[in-house]
Amino acid sequence: MTTERYNPAKAEPKWQEIWNSHNCFAASSDKSAKKYYVLEMFPYPSGRIHMGHVRNYAMGDVIARYKRARGFNVLHPMGWDAFGMPAENAAIERNIHPKKWTYENIAAMRKQLKSMGLSIDWSREFATCDPEYYGQQQALFLDFLEKGLVERRKSVVNWDPVDHTVLANEQVIDGKGWRSGATVEQRELSQWFLKISDYSQELLDALDELTGWPEKVRTMQKNWIGRSEGMQFTFKLEDAEGNPVNSGLTVFTTRHDTIFGASFCAIAADHELTKTAAEHSPQIANFRKECAALGTSEEAIEQAEKKGIPLGIYAIHPFLKDVRLPVYAANFVLMGYGEGAVFGCPAHDQRDLDFANKYGLKVIPVVASKDDPGSTEITDTAYLEKDDAQTVMINSHFLDGMSVPEAKEEVARRFENEGIGERKINFRLRDWGISRQRFWGCPIPVVHCDNCGIVPVNKSELPVKLPDNVTFDKPGNPLERHPDWKKVSCPECGLDATRETDTFDTFVDSSWYFARFCSPEADKPVDTAETDYWLPVDQYIGGIEHAILHLLYSRFFTRCMKATGHLNIKEPFANLFTQGMVIHETFRTKNNEWIIPEEAVQHDGKWQHIKTGEALITGNAEKMSKSKKNVIDPDEIIQRYGADTARWFMLSDSPPERDIEWTEAGAEGAWKFSQKIWRIINDIAEITTNSDNCANDGDSLQLRKICHKTTQAVSEDIESLRYNRAIARIHELANELTSFLKNKDNANRSSEALKEVSQMFCQLIAPMMPHLAEECWQVLGNSTILALQSWPQVSKQLIEEDEITIAVQINGKRRAEMTISKNADKMETEKAALQLEAITSKLEGLNIRKVIVVPGRIVNIVAS
RNA sequence: GCCCCUGUGGCGGAAUUGGUAGACGCGCUGGAUUCAAAAUCCAGUUCCCUUACGGGAGUGGGAGUUCGAUUCUCCCCGGGGGCACCA
């Protein structure tokens, strides 16, 4: 064979150009066709794509190309999550306008993505920093505002002192800013909030119907929403002398069954009662300061001792008028959850027990084990069992003898009858603070007027555009100190007023972009005629790191858009797939300096530095990151091997939801396989023996059968995104083709069969290696574009075998196998099995006690 | 602490409803081709015993259900993730 090697550097740009000029991947406006919307999470334009992008977009592209071939009208768009702080950091560091930086990055990354040969409808591309996009986002906000979905309120916010901005709770990780890593401070500011907590129950309930989502993500969202069912009730209060204190103390609990085990109450340092008490007591005021200084960092909380200070007031037990519970301010009670107040039941709550032991408070066991109700002594470990089958109430007056659930019900009933409490459901989910004191974001379209207060900008004035002439020489928000940008006249009274200088959290931008892709040029946020057709997204693909924030916000936003008449759906993503990361080996020196893997060499089984010879420590394979110096640049890989090889490798071996390790050998293997395909197809193309041999006979028939079976399997695997399996199947078919071709004397070889199989083979690889597939398609004599062909038809006749091979076991161990008619019944199968020589010889001297026959599956002979 | 996922050769990983464990790929070993190499092709490759034929063990460990368990149940161990002074 003199076939030249396949050269992706030549072929890939050529086919990309052909696809482009034939407009192959534009979604059709014909709404009569069945639609399929596949979307990968859009990238942040950092400047260069990384391997994670390659994996993400390759995965989406496979399903897009497959569905297109299956006759679906496919929407597969691309855009840019383009607002955010790196652009501002670049502005500060390099004195370049964030807009310029961002659009330059977009241009660079667009080029890189295009070199991957993705089947994207580029005509729908937009960036969230395009005024045409964020102007519509401002319109949405005004609608939400009108509908009461937005609220402005003063609140203590997480303040990032390095980035000079407010952070959402979700953006605070271990008490530190998710971006800057700086310890977060608490500040009180007026902020805009989206009232996501109004939707807590709804967002929780609807998770059950999201059957196309990974269980894991649904669980994570469930935990995040954090529903807990309990009771809210109010204690009467009195001071040390027994004088009633006017305000009662309202607490929330999920363990009202343990009310007779209560021995104290604890309230937050920020609770009104604590504040009042602090006015008269320097010690309490001090305690409050101490708690504030502690910060919110998890580390601090974890290490902080359970501390409290008595407030000199007492709560009257709701059922025992002579029992007084001392009220403490305590550092472990959070103002942000429930009522910021709890009653302490030390016997059945570890934290309460620690507190009680420290301050010498009573420990009254009220729940005992049913099996052993006598042993109720509690010293250091609280008794937490609450299962109704295991527990019995003790020391609890009218509750004695009940199980925990019974006691809960009884207490709830009495509280309600006496009007001192009610059943209450609490959620952990907080409202979503969306104000950011940043420049490079979507301006919040309101005006502050001394006369009229807060006034929405008129829709006709949208978009409120970001100014171009800004400076970044000082920290803080350039909009704030811009000479005239914020000066406007009030839309209501016309007098001088100022614009809001805060911008939206960038998670707002990404909460509806999927809807905008349906009608990217509409002069309203979305064209409902389009979204009714395209939404929900049929397949959404992205990283698990967005399991909570982005995905929960998008679900909420979709509901808001429904409430304001923009959409008619509640759930944006019918099917979600969370792909694993691309990881790579790491090396570092004894001094913990990271070394790039290319500089590590193995010597006598030990790793050392290629130049210095210094011994190196091999770390785990980890997510590619600059700091760990284990980044592989997709550009380099595409230049060296081509996009098809990069795509193929990203889809091979590892299941898509799992992490995949980048290895040189793996890339090399994918490259070799692409060359192998090229050789096979060229070999086939060169065969000119116009044999009249029948394609329905002998080896040719066999080959066709295998090919059709493979097509069936690959189709199923692609549908369920099990790409690694699809690829294994394609390897098998390639091996079959190789051995078929090798047998030159094959008398039965039919050119008709070869043509059919080789064409189908091209079609099978096309979703993963689209360029090579086109090139092969052409070599086989086709003048059409493969990307526009429909998926090969599987012949039922060819995939159904008359005979099958099944195993024969003796006592559960495989001893033989036999080929038998597919339709053989129990009797026939048993008879055939017992006649096998391998079986009869093994059965000598044994008594057959039973023969299990599962027709079409297995025979198991039980003998002794 | 609570919740979830996961554990299969040297490695990545396959295995409808319980039905031939290790597909496919990488690596390794041997061979062919070559002056040599690259590339390619062929054969072998779970472990142990055996020249072979063959036999035994085997899916983190232990028990159970079953004719039959990687798959189902219980306990334990390892790895990963989520939530977390949440009342």
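Computed from a prediction, not measured in an experiment: that's the story for all the values here. Labels below follow one simple rule: chain letters A, B, ... track the order of the sequence lines, proteins then strands, and each chain is numbered from 1.
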Would you mind classifying the nucleic acid contact of A:Thr805 as base, sugar-phosphate or nothing, using non-hydrogen atoms under 4.0 angstrom?
base

Kindly say whether the aromatic ring centers of A:Phe332 and A:Phe355 come within a distance under 6.0 Å.
yes

Rounded interatomic separation in angstrom, taking CG from A:Asp717 and P from B:C24
15 Å

Interface polar pairs with nucleotides 39-46 of chain B, N/O, under 3.5 angstrom:
from	atom 1	to	atom 2	distance (Å)
B:U40	O3'	A:Arg679	NH2	3.3

Roughly how many Å apart are B:G61 and B:G78, using the P atom of each and rounding to a whole number?
15 Å

How close or far is atom C1' of B:A87 from atom CG of A:Leu334, stated in whole angstroms?
9 Å

RNA chain B: A:Ala665 or A:Asn860, which has the more 5' nearest nucleotide?
A:Ala665

State, without any angle test, whether A:Ser228 and A:Asn426 hold a side-chain donor-acceptor pair at a distance under 3.5 Å.
no

Would you mind pulling out the nucleotide paired to B:C72, Watson-Crick or G-U wobble, both distances under 3.5 Å?
B:G64

note: A:Ile677, atom CD1; B:G25, atom P; distance rounded to Å ~ 12 Å

B:C47 versus B:U8 - spacing of their C1' atoms, nearest Å:
14 Å

Electrostatic pair A:Lys742-A:Asp683, nearest N-O below 4.0 angstrom
no

How many whole angstroms separate atom NZ of A:Lys850 from atom P of B:U66?
10 Å

Heavy atom of residues 726-736 of chain A under 4.0 Å from RNA chain B: which residues?
A:Ala728, A:His731, A:Glu732, A:Asn735

Kindly label the base of B:G9 as syn or anti, based on whether its glycosidic torsion lies within 90° of 0.
syn

To the nearest angstrom, the CZ-C1' distance between A:Arg430 and B:C83 comes to 15 Å

Could you tell me how the ring of A:Phe252 sits relative to the ring of A:Tyr337: parallel (under 30°), tilted (30 to 60°) or perpendicular (over 60°)?
perpendicular

Round to a whole Å and report the spacing from CZ of A:Arg814 to C1' of B:G68.
15 Å

Residues at least two apart in sequence or cross-chain that pass salt bridge (charged side-chain N to carboxylate O under 4.0 Å, His left out) with A:Asp257, listed by chain then number, are A:Arg255

Pick the closest RNA chain B nucleotide for A:Glu817 and for A:Met335 by heavy atoms, then say which residue is nearer the 5' end.
A:Glu817

I'd like to compare against my own output: the B/S/- annotation of nucleotides 52-65 of chain B with a strict under-4.0 Å heavy-atom distance to protein.
---SSS--------

Parallel, tilted or perpendicular: ring planes of A:Tyr641 versus A:Trp671, cut at 30 and 60 degrees:
tilted

Take a 6.0 Å sphere around CZ of A:Arg729 and say whether it holds more than 12 heavy atoms from other residues, nucleotides or ligands.
no

Separation of B:C86 atom P from A:Phe343 atom CZ, nearest Å, is 15 Å

May I ask you to check whether over 12 heavy atoms, not counting those of A:Lys623, lie within 6.0 Å of atom NZ?
no

Give the B/S/- string for nucleotides 3-14 of chain B, one per nucleotide from 5' to 3', where a protein heavy atom under 4.0 Å of the base yields B, of only the sugar-phosphate yields S, and otherwise -.
---------BSS

Would you please classify the geometry between the A:Phe673 ring and the A:His731 ring as parallel, tilted or perpendicular, with 30° and 60° separating the classes?
tilted

Residue list, salt bridge (charged side-chain N to carboxylate O under 4.0 Å, His left out) with A:Glu801, at least two apart or on another chain
A:Lys705, A:Lys709

Identify whether any heavy atom of A:Val854 sits under 4.0 Å from a base atom; if not, whether one sits that close to sugar-phosphate; answer base, sugar-phosphate or nothing.
base

State, without any angle test, whether A:Asp354 and A:Gln350 hold a side-chain donor-acceptor pair at a distance under 3.5 Å.
yes

Could you work out the separation of B:G60 and B:G9 based on their P atoms and round it to a whole Å?
8 Å

Quote, to the nearest angstrom, the C1' distance that separates B:U71 from B:G19.
11 Å

Please check if the number of heavy atoms outside A:Lys307 that lie under 6.0 Å from its NZ is greater than 12.
no

If we take the C1' atom in both B:G54 and B:G68, what is their distance in whole Å?
24 Å

Answer with base, sugar-phosphate or nothing: what part of the nucleic acid does A:Val333 contact at a heavy-atom distance below 4.0 Å?
base

Heavy atoms of other groups near A:Lys358 NZ, more than 12 under 6.0 Å
yes

A:Ile425 has an atom CD1; how far is it from atom C1' of B:C86, in whole Å?
15 Å

